[in-house]
Amino acid sequence: MIHLIDSHAHLDDRKFETDREGMLDRAQKAGVVQIINAGYDLPSSARSINLAAKYPFIFAAVGIHPHDAGGVPEDYLARLQEMCRRRGVVAIGEIGLDYYRDLSPRDVQQKVFREQLALARELGLPVIIHDRDAHGDILDILRRDGVGPAGGVMHCFSGSWEMARECMAMGLYISFAGPVTYPNARRPREVAARVDLSRLLVETDAPYLTPQARRGNRNEPAYVRYVAEEIAALKGVTLEELARATTANARRLFGLPEAGA
């Protein structure tokens with residue numbers, strides 16, 4: 001069986017409340033052996049930790065999404081640091097900048113992003129970076145601050161090949177989700193075809209960004225296979241080769257054990 005790791009999902013979302021067990025069973029039957037569940041604020045980060053405690057194949061990331069940067073309490077960094085000591089926490093994320101919705105002031109987004117990058121460097125943890133319509137400022141902050149030796153991943157990458165190349169030089173992986181399967185998504189498809197297998201991850205961002213083959217339905221980790229199949233076709237490699245590479249990359253980045261270990 002093909003083994004895949006969904007490197008970014010939000011399984012604590014209320015959209016999974018009625019069938020979370022069934023959704024996880026479908027994921028495992030589809031060959032998804034491990035899942036990274038990303039927090040976006042303090043409550044969702046706590047839920048992510050709880051999922052990791054309950055399911056041995058789920059691992060947690062904790063962090064403040066740029067949408068929520070404007071409402072963080074003064075002690076949020078101390079609370080995140082405490083969360084990072086919990087079993088199953090493997091990254092800080094998702095963090096970054098979002099200038100598409102601008103739900104938090106941009107200067108506040110940048111401040112909170114930089115503070116969490118510093119926390120990740122201090123703790124030796126990788127980062128999961130959200131970037132929407134903020135490519136220039138993301139790169140400026142990463143050039144200035146750096147991500148630390150633990151590296152990280154550009155989640156649901158939407159930038160140019162030049163940006164991807166610079167991010168990889170900084171020690172970041174490039175991850176693609178459902179949009180790479182959309183026929184009109186020219187840039188993600190072009191970049192995915194060029195990223196070396198050694199720097200590539202796959203994800204769903206479930207319950208969002210459903211792949212083309214399931215458009216109109218709620219996304220879930222089982223559908224990461226559609227992402228992997230599309231990227232394999234774009235790169236001219238077999239699904240088995242793509243799966244081996246992305247699974248090894250995710251384990252390396254997040255320090256994951258072999259499935260079942």
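None of these values were measured; they are calculated from a predicted model. Below, each value reflects all heavy atoms present in this structure, side chains not excepted, and no hydrogens, waters or symmetry copies. This chain uses plain numbering: 1 for the first residue, then up along the sequence.
Under 4.0 Å is where a charged nitrogen must lie from a carboxylate oxygen, and between R144 and D140 no such pair does. Salt bridge status for D98 with R132: absent, with no side-chain N to carboxylate O gap under 4.0 Å. With respect to D19 and R26, a salt bridge is recorded, a charged nitrogen being found less than 4.0 Å from a carboxylate O. A salt bridge does not link K15 to E17: none of the charged side-chain nitrogens sits closer than 4.0 Å to a carboxylate oxygen. Taking the charged nitrogens against the carboxylate oxygens, R189 and E230 do have a contact shorter than 4.0 Å, which makes a salt bridge. E190 has no carboxylate O lying under 4.0 Å from a charged side-chain N of R187, or vice versa, which leaves the two without a salt bridge. For E166 and R143, the salt-bridge test passes: some basic side-chain N is under 4.0 Å from an acidic carboxylate O.
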Please walk me through it: do F254 and F59 pass side chain to side chain contact (heavy atoms under 4.5 Å, CB included)?
-> CA-CA 9 Å; F254 296 116; F59 297 84; over 6 Å; no
Could you check K235 against E241 for salt bridge (charged side-chain N to carboxylate O under 4.0 Å, His left out), going step by step and ending with a plain yes or no?
-> CA-CA 11 Å; K235 297 185 73 61; E241 185 178 357; over 6 Å; no
Given the rule in the side chain to side chain contact (heavy atoms under 4.5 Å, CB included) test, do L172 and V153 qualify, once you have shown the distances and angles that lead to the verdict?
-> CA-CA 5 Å; L172 293 163; V153 56; 5.8 Å; no
Take E122 and Q81, measure what side chain to side chain contact (heavy atoms under 4.5 Å, CB included) needs, and give me the verdict at the end.
-> CA-CA 10 Å; E122 177 185 345; Q81 185 166 4; 3.6 Å; yes
In sequence, state the C-alpha distance, the side-chain angles, and the governing distance for I5 and V32, and then conclude on side chain to side chain contact (heavy atoms under 4.5 Å, CB included).
-> CA-CA 6 Å; I5 293 177; V32 179; over 6 Å; no
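With values rounded to the nearest 0.5 angstrom, Q109 atom CD is found 10.0 Å from D68 atom CG. Note that CD1 of I58 and CG of N37 are 6.5 Å apart. Values are rounded to the nearest 0.5 Å. Distance check: I174 CD1 to L200 CG gives 9.0 Å after rounding to the nearest 0.5 Å. We find the OH-OG distance between Y40 and S45 to be 9.0 Å, quoted to the nearest 0.5 Å. Here the straight-line distance linking atom CD of Q116 with atom NZ of K111 works out to 10.5 Å at 0.5 Å rounding. For the atom pair CD (E220) and CE (M23), the distance works out to 7.0 Å, reported to the nearest 0.5 Å.
No path of Ile, Leu, Val, Met, Phe, Trp and Tyr side chains, each step under 4.5 Å between heavy atoms, connects L253 with L242, placing them in separate hydrophobic clusters. Both L42 and F113 sit in one connected hydrophobic cluster of ILVMFWY residues. Membership requires side-chain heavy atoms under 4.5 Å apart, directly or through other members. In the hydrophobic clustering of ILVMFWY residues, with side-chain heavy atoms under 4.5 Å counting as a link, I2 and Y223 come out apart. The hydrophobic cluster containing M154 also contains V224, counting ILVMFWY residues as joined when their side-chain heavy atoms lie under 4.5 angstrom apart, directly or transitively. Each of Y100 and M163 belongs to its own hydrophobic cluster when Ile, Leu, Val, Met, Phe, Trp and Tyr are linked at side-chain heavy-atom distances under 4.5 angstrom.
Ring planes of Y55 and F57: tilted class, angle from 30 to 60°. Aromatic ring pairs are classed by plane angle as parallel below 30°, tilted from 30° to 60° and perpendicular above 60°; the pair H8 and H155 is parallel.
Smallest separation of non-hydrogen atoms from P179 and L209: CD-CB, 3.9 Å. Nearest heavy atom pair, residue V180 against residue P188, reads CG2-O, 3.9 Å. Considering every non-hydrogen atom in both A60 and S48, the closest pair reads CB-OG, 3.3 Å. Contact detail for P66 and S104: the closest heavy-atom pair is O-OG, 3.0 Å. Across all non-hydrogen atoms, the minimal contact from I138 to I129 is CD1-CG2, 4.0 Å. Shown here for L125 and C84, the closest heavy-atom pair between the two residues is CD1-SG, 3.7 Å.
For the 3.5 Å distance criterion, the side chains of D6 and T204 qualify, holding a donor opposite an acceptor. Using modelled atom types, one finds a donor on one side chain and an acceptor on the other under 3.5 Å when comparing Y208 with D13. Side-chain N/O atoms of S7 and E203 include no donor and acceptor closer than 3.5 Å. In this model, a donor atom of one side chain and an acceptor atom of the other lie less than 3.5 Å apart for D205 and H10. Donor-acceptor pairing under 3.5 Å is recorded for the side chains of Y99 and D137.
You'll find the side chain of E21 stays beyond 4.5 Å of the side chain of D25, heavy atoms only. Using a 4.5 Å heavy-atom threshold, the side chains of L4 and V33 count as separate. Residues H65 and S44 fail the side-chain proximity criterion, which asks for heavy atoms closer than 4.5 Å. For the pair L139/M170, a side-chain contact is recorded, criterion being any heavy-atom separation below 4.5 Å from C-beta on. In this structure, C156 and F176 have side chains that are not in contact, with every pair of non-hydrogen atoms separated by 4.5 Å or more. The shortest side-chain heavy-atom distance between L11 and P221 falls under the 4.5 Å cut-off.
No more than 12 heavy atoms of other residues, nucleotides or ligands shown are found within 6.0 angstrom of CZ on R87. Within 6.0 Å of CZ on R121 lie more than 12 heavy atoms contributed by other residues, nucleotides or ligands.
For the side chain to side chain contact (heavy atoms under 4.5 Å, CB included) with E115, the lone residue among I95, L77, L80 that qualifies is L77. Checked against L201 for a side chain to side chain contact (heavy atoms under 4.5 Å, CB included), the options N249, I128, T247 give a single hit: N249. Here the options are V112, D102, D131, I141, the test is side chain to side chain contact (heavy atoms under 4.5 Å, CB included), and the partner is L97; only I141 passes.
Judged by distance alone, with hydrogens and angles left aside, the side-chain atoms of T181 form no donor-acceptor pair with the main-chain N or O of V227 at under 3.5 Å. Under the 3.5 Å distance criterion, the side-chain polar atoms of R101 are left unmatched by any main-chain donor or acceptor of H67. Here the side chain of R251 pairs a donor or acceptor atom with the backbone of P257 at under 3.5 angstrom. Of the possible donor and acceptor atoms, one in the side chain of R199 sits under 3.5 Å from a partner among the backbone N and O of G171.
With Y226 as the aromatic partner, R214 does not meet the cation-pi criteria of under 6.0 angstrom to the ring centre and within 45 degrees of the ring axis.
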